[in-house]
Amino acid sequence: MEQSNLHTIADGGTLSRLESGLEVIRRIKHEFLPALLEMAPTDLSAATDKRSGSKFSPKWSVEAVTNLITKKVGNAKWKLRPGERREMQCVFDELTGWVRGRQVHTIRIVCDGRYIHAYPVEDCS
Amino acid sequence: MSDSIDLPINHDDRLYDPPLIDHLNREAEGFSVEFVPTDTLSTDETCFVSIILDSPDGRMMLACLNRAEEICHMGSIQRIIHSGGGNYRIIAANGQAINLEDCANADAVELSDRIHQMAEMAQTAFRVLARAKSA
């Protein structure tokens, strides 16, 4: 799938099919919203809580997240194993997003054995 | 009996607290369920449980899913994805998909309830499994 077409993919749709057969899927609830930058702290907290989903920072576009997943999962050699969950966390120097209103620098990549997606999570203390 | 009034309901009016289904996928053997846990279980964003079809939990999940299929009229439901807030995307095995927010109110309300029931079942199954592992 051409990178420029990724925004036409529906929620849950396949952004990239890896050689292993695993599929990177789109998760709109974690994507950056420009309104986040203008929100009061309480609104930002609600917009990035468990019900709304943590949100990526502007730098982490659909394309950037897809590339990260493809690279990391490829390096880790994850295989298509339905029902077998895998996860990994990647820590960055720069802001990756917001979780419950707090800025974070960590992205978690999760796989249920077939579908892979990623989202910002709280930094480990 | 008076006629019912179809009041417009914003999808966030159907907003449940966790547990919530984050991503449910139906495989041949059962269900792979990523769910948003209650804070009393975990402050983590999501937890995961695999539920075998041929089990009490699997049969309860299937009963909920079958009812959701009757409401959606799309055939066998393959995946349920949380789109944020009170909205879900439901994807059928034949490739058809609907968003909960596009459903008629009565259907959306029952679908929300069924999806929440499945989240509750997943969290219970996760707790039982965790307890068994720590025993």
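First the proteins, then the strands, lettered A, B, ... as listed; each starts at 1.
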Just so I understand: if I count every heavy-atom pair under 4.5 Å between each of L20(B), I91(B), I51(B), D22(B) and chain A, which residue has the most? D22(B)
Greatest number of heavy atom pairs closer than 4.5 Å to chain A - which of H23(B), E29(B), E45(B), H82(B): H82(B)
Please classify the contact between N99(B) and chain A as side chain, backbone, both or neither, with a heavy-atom cut-off of under 4.5 Å.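 No part of it gets close to chain A.
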I'd like to know if R108(A) and D44(B) make a salt bridge, using a cut-off of under 4.0 Å between side-chain N and carboxylate O. yes
salt_bridge(E94(A), K59(A)) N-O dist < 4.0 Å: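 The answer is yes: the pair qualifies as a salt bridge.
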Output, in order, the C-alpha distance, side-chain angles, deciding distance and verdict of ring-ring contact (aromatic ring centres under 6.0 Å, His included) for Y119(A) and H117(A). CA-CA 7 Å; Y119(A) 49 86; H117(A) 69 279; 5.7 Å; yes
Nearest heavy-atom neighbours spanning R26(A) and E31(A): NE-OE2, 2.7 Å
Best-contacting candidate, E87(A), R100(A), E84(A), against chain B by heavy atom pairs under 4.5 angstrom: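 Going by pairs under 4.5 Å, I would pick R100(A).
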